Amino acid sequence: MTTEPQSPPPCRACIDRPALDFDFSMAFQPIVDVRTRQLFACEALVRGTDGTGAAGILSKVTTDNRYQFDQSCRVKAVELAARLNIPCFVSINFLPNAVYQAATCIRATLEAAKRFNFPVERLIFEITENEQMVDKDHLKSIITEYKRQGFKTAIDDFGAGYSGLNLLAEFQPDIIKLDMALIRDIDKDVVKQAIVRGILGVCAALSIEVIAEGVETEAELAFMREQNVHLFQGYLLARPAFEKVPDINWSAVAHG
């Protein structure tokens with residue numbers, strides 16, 4: 001018999017914070033499994049309420065409202081995913097610097113999942129390698145708590161920063177997403193091929209799943225499939241769609 005995760009009381013750092021003074025919505029971009037030709041996940045991406053890009057919204061995020069924004073993103077993503085009946089994982093970017101105590105700061109996410117009837121075991125939380133690094137012990141505690149709560153965890157943009165392998169030495173997420181800069185033209189770049197093969201070897205040894213993100217050509221897709229990668233995200237397959245799940249270009253999978 002399984003028990004539902006319990007929402008702990010808020011920590012002191014979370015109490016009496018004013019609501020955001022701006023609104024936003026989400027677009028969704030699929031991550032597909034080319035073996036089964038099915039959705040693996042949909043990544044929730046911040047957008048303006050009129051569908052405009054994330055830049056205008058992110059420019060309003062400050063150190064003073066970062067916590068409220070992070071919490072609001074989680075709730076908005078869960079709400080829209082439930083409304084759209086998204087049948088797969090939903091991947092949400094999170095700001096580790098906005099998490100004070102992992103067990104208590106997750107309460108709004110748990111409450112939203114319960115309120116909108118969305119299974120918590122279908123949530124993935126992504127930290128970008130480009131995010132200004134917080135204390136590694138703090139980040140490790142976040143990942144540990146999220147796993148305990150039943151969430152999957154991922155490192156986004158892996159290979160874009162300088163600390164990727166060091167991060168893996170400290171903690172092992174369920175998933176890494178290879179940065180699009182490594183994927184771009186990888187079919188004809190032997191240096192990128194060597195780097196990616198090395199990363200894939202490490203991930204295989206640590207039982208970490210790999211997503212190739214930013215795939216734009218059939219040649220890139222074909223090369224990565226030859227390396228036994230089967231999870232893909234990128235414009236070749238589908239662009240983000242505002243408040244909906246876009247159709248997937250399955251013909252690219254057939255050719256790749």
Side-chain angles (χ1 to χ4, degrees), residues 26-32 40-47 53-55 57-59 61 66 69-70 73-74 77 89-99 123-136 138-140 142-143 146-147 151-187 189 191-204 206 208-217 220-221 223-224 227 229-240:
M26 295 280 179
F28 291 94
Q29 186 176 26
I31 300 167
V32 304
F40 171 77
C42 285
E43 182 178 1
L45 301 165
V46 171
R47 294 291 185 268
I57 298 299
L58 296 178
S59 67
V61 180
R66 182 174 55 200
F69 178 71
D70 185 67
C73 282
R74 299 160 184 250
F89 288 104
V90 171
S91 193
I92 305 170
N93 293 279
F94 80 94
L95 304 172
N97 289 320
V99 178
L123 292 177
I124 301 172
F125 283 101
E126 299 183 20
I127 173 179
T128 177
E129 194 187 342
N130 286 326
E131 168 74 11
Q132 184 178 357
M133 187 50 59
V134 294
D135 178 81
K136 285 184 178 179
H138 178 58
L139 185 55
K140 186 174 182 178
I142 296 172
I143 298 299
Y146 284 8
K147 286 186 174 184
F151 306 127
K152 283 187 177 290
T153 58
I155 297 178
D156 193 16
D157 300 328
F158 191 88
Y162 302 100
S163 56
L165 292 177
N166 287 333
L167 285 179
L168 287 186
E170 295 292 333
F171 61 86
Q172 293 74 52
D174 300 292
I175 301 165
I176 69 162
K177 298 178 72 177
L178 291 173
D179 185 65
M180 64 178 65
L182 285 175
I183 302 301
R184 189 65 60 250
D185 296 325
I186 192 171
D187 51 293
D189 189 321
V191 175
K192 289 181 180 180
Q193 291 172 11
I195 293 170
V196 167
R197 286 191 180 107
I199 294 172
L200 294 178
V202 171
C203 289
L206 297 176
I208 296 172
E209 291 190 278
V210 175
I211 297 171
E213 61 179 343
V215 176
E216 293 187 355
T217 70
E220 293 167 354
L221 178 67
F223 177 84
M224 294 304 297
Q227 313 312 308
V229 173
H230 57 270
L231 298 176
F232 290 88
Q233 180 180 13
Y235 284 2
L236 176 67
L237 299 162
R239 291 176 177 267

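Owing to the predicted nature of the structure, the values given are computational and were not obtained by experimental measurement.
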If you apply the rule side chain to side chain contact (heavy atoms under 4.5 Å, CB included), what do you find for N93 with C73, and how did you get there? CA-CA 8 Å; N93 293 279; C73 282; over 6 Å; no
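- Contact check for V215 versus Q233: no side-chain heavy atoms found under the 4.5 Å cut-off.
- Heavy-atom minimum distance, G159 versus L182: CA-CD1, 4.1 Å.
- A donor-acceptor pair under 3.5 Å is formed between the side chain of R184 and the backbone N or O of G214.
- The two residues F28 and C42 come nearest to each other via the heavy atoms CD2-CB, 4.1 Å.
- Salt-bridge check for R66 with D70: failed, with every basic side-chain N at 4.0 Å or more from each acidic carboxylate O.
- Scanning both residues, G53 and R47, for their nearest heavy atoms gives CA-CD, 4.0 Å.
- In this structure, CD in Q29 is found 8.0 Å from CD1 in I31, a value given to the nearest 0.5 Å.
- A 4.5 Å side-chain heavy-atom check between H230 and F40 finds every atom pair outside the cut-off.
- Within the 3.5 Å criterion, the main-chain N or O of S91 finds no donor-acceptor partner in the side chain of K152.
- Between the CZ atom in F232 and the CG atom in L237 there is a gap of 8.0 Å [rounded to 0.5 Å].
- Rounding to the nearest 0.5 Å places CD1 of I176 at 9.5 Å from CD1 of I211.
- For the pair L123/R74, no side-chain contact is recorded, criterion being any heavy-atom separation below 4.5 Å from C-beta on.
- The nearest pair of heavy atoms linking K147 to D174 is CE-OD2, 3.8 Å.
- Atom CZ of F223 sits about 9.0 Å away from atom CD1 of I183, to the nearest 0.5 Å.
- Contact annotation: the side chain of L236 never approaches that of E220 to less than 4.5 Å [non-hydrogen atoms, C-beta and beyond].
- Taking CD of Q193 as the start and CG of L200 as the end, the distance is 11.5 Å to the nearest 0.5 Å.
- For the pair V210 and Q227, the minimum side-chain heavy-atom distance is 4.5 Å or more.
- Residue L45 comes nearest to P240 through the heavy atom pair CD1-CG, 3.7 Å, listed as atom of the first residue, atom of the second, then distance.
- A distance of 4.5 Å separates CD in E126 from CD in E43, rounded to the nearest 0.5 Å.
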Checking F158 against L168 for the side chain to side chain contact (heavy atoms under 4.5 Å, CB included) test, could you report, in this order, the C-alpha distance in whole Å, the side-chain angles of both residues, the deciding distance, and whether it holds? CA-CA 10 Å; F158 191 88; L168 287 186; 3.9 Å; yes
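- Looking at every heavy atom in both residues, I124 comes nearest to A154 through CG2-CB, 4.0 Å.
- Paired with F94 under the rule ring-ring contact (aromatic ring centres under 6.0 Å, His included), one option of F151, F69, Y146 passes, and it is Y146.
- Inter-residue side-chain proximity for K177 and L231 is flagged as unmet; no heavy-atom pair is nearer than 4.5 Å.
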